[in-house]
**Student:** 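Here you go, one structure.
Not measured: the values here are computed from a predicted model.
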Amino acid sequence: MEFRTIKEDGQVQEEIKKSRFICHIKRVTTEDEARNFIQAVKKEHYKATHNCSAFILGERSEMKRSSDDGEPSGTAGVPMLGVLENHQLTNVCAVVTRYFGGIKLGAGGLIRAYSSNVALAIKEIGIVHIKEQLGLRIALSYSQYQEIPNFLKTNHLQEQDTSFTEQVQTTIFVDKDDKDSVIEELIELFNGKIDITDQGLRKVEVPISLS
């Protein structure tokens with residue numbers, strides 16, 4: 001199964017009309033994890049005016065929950081949830097802490113503030129596509145290895161676990177359906193003088209550009 005989620009846990013804060021908004025965002029896999037995270041943020045920021053939350057769970061985004069935590073109905077949790085949905089994220093929980101700065105924002109202002117704070121956090125932290133891919137372990141000479149960066153760039157692939165000893169060994173991950181064509185390209189590129197070992201399937205995280 002494939003799904004998108006945040007690259008890592010983190011938080012981002014900004015000031016909007018003298019109110020301080022802090023978005024805490026975390027990867028979660030169960031409802032208990034999500035609710036424990038929300039409670040932990042509330043405990044840490046017990047003096048805050050509000051700690052609004054939204055989370056989505058399941059590889060098919062089966063569970064969605066949100067809370068306005070005292071803000072006018074529909075002005076915080078639902079807009080936050082909408083941002084997670086728009087980025088097609090799952091297994092993620094966002095909590096936005098608000099310290100009121102004395103200026104009322106109105107319903108429209110609140111919706112914009114809560115949604116933009118979550119969007120900013122996602123932009124700064126990043127998104128990954130988690131999918132099952134096939135690992136190919138490649139052994140090659142140092143001179144051959146100089147060709148690898150261009151090959152990876154052309155085929156939109158990434159390498160991992162690269163080691164440099166008497167020769168270079170590196171692992172690339174490919175979609176199952178692309179295995180044969182990638183191996184053929186490698187053999188052609190290096191005139192058959194390359195050692196490729198199938199490493200089996202593994203869940204990998206492929207970064208997604210938000211530009």
**Student:** So which residues get pulled into Leu120's cluster when ILVMFWY side chains under 4.5 Å apart are joined, directly or through others?
**Tutor:** Val12

**Student:** Looking at residues at least two apart in the chain, or sitting in another chain, which of them share a side chain to side chain contact (heavy atoms under 4.5 Å, CB included) with Glu8?
**Tutor:** Ile125

**Student:** If you apply the rule ring-ring contact (aromatic ring centres under 6.0 Å, His included), what do you find for Tyr99 with Phe21, and how did you get there?
**Tutor:** CA-CA 7 Å; Tyr99 287 91; Phe21 289 84; 10.0 Å; no

**Student:** If the condition is side chain to side chain contact (heavy atoms under 4.5 Å, CB included), which residues does Glu132 pass it with, not counting sequence neighbours?
**Tutor:** Lys176, Leu201, Lys203

**Student:** For Arg27, is there an ion pair with Glu205 - N to carboxylate O distance below 4.0 angstrom?
**Tutor:** yes

**Student:** The criterion is side chain to side chain contact (heavy atoms under 4.5 Å, CB included); which residues satisfy it with Asp69, sequence neighbours excluded?
**Tutor:** Lys42, His50, Asn51, Cys52, Ser67

**Student:** May I have the list of side-chain donor-acceptor pairs in residues 179-190 shorter than 3.5 Å, sequence neighbours left out?
**Tutor:**
from   : atom 1 : to     : atom 2 : distance (Å)
Lys179 : NZ     : Asp198 : OD2    : 3.0
Ser181 : OG     : Asp178 : O      : 3.0

**Student:** Short question: side chain of Asp68, backbone of Gly74 - any donor-acceptor pair under 3.5 Å?
**Tutor:** yes

**Student:** Output the rest of the hydrophobic cluster of Val206: all Ile, Leu, Val, Met, Phe, Trp and Tyr residues reachable through side-chain heavy-atom contacts under 4.5 Å, sorted by chain and number.
**Tutor:** Phe173, Val204

**Student:** Name all residues meeting the side-chain hydrogen bond (donor to acceptor under 3.5 Å, both in side chains) criterion together with Lys17; count only those two or more places apart in sequence or in a different chain, and write none if there are none.
**Tutor:** none

**Student:** How far apart are the closest heavy atoms of Arg65 and Leu81, and which atoms are they?
**Tutor:** O-CD1, 4.0 Å

**Student:** Sort out for me which residue in Glu44, Lys47, His24 forms a side-chain hydrogen bond (donor to acceptor under 3.5 Å, both in side chains) with Thr97.
**Tutor:** His24

**Student:** Taking Thr154 for its side chain and Asn150 for its backbone only, find out whether a donor-acceptor pair lies under 3.5 Å.
**Tutor:** yes

**Student:** Going by side-chain hydrogen bond (donor to acceptor under 3.5 Å, both in side chains), name the residues that satisfy it together with Glu85, two or more places apart in sequence or in a different chain.
**Tutor:** Lys64

**Student:** Who passes side-chain hydrogen bond (donor to acceptor under 3.5 Å, both in side chains) against Thr29, sequence neighbours left out?
**Tutor:** Glu33

**Student:** Please name all residues satisfying side-chain hydrogen bond (donor to acceptor under 3.5 Å, both in side chains) with Gln160, sequence neighbours left out, ordered by chain then number.
**Tutor:** none

**Student:** Give me each pair satisfying salt bridge (charged side-chain N to carboxylate O under 4.0 Å, His left out) with a member in residues 104-119, each pair once, sequence neighbours excluded.
**Tutor:** none

**Student:** For Ile208, enumerate each residue passing the side chain to side chain contact (heavy atoms under 4.5 Å, CB included) test, keeping only those at least two apart in sequence or located in another chain.
**Tutor:** Arg4, Ile127, His129

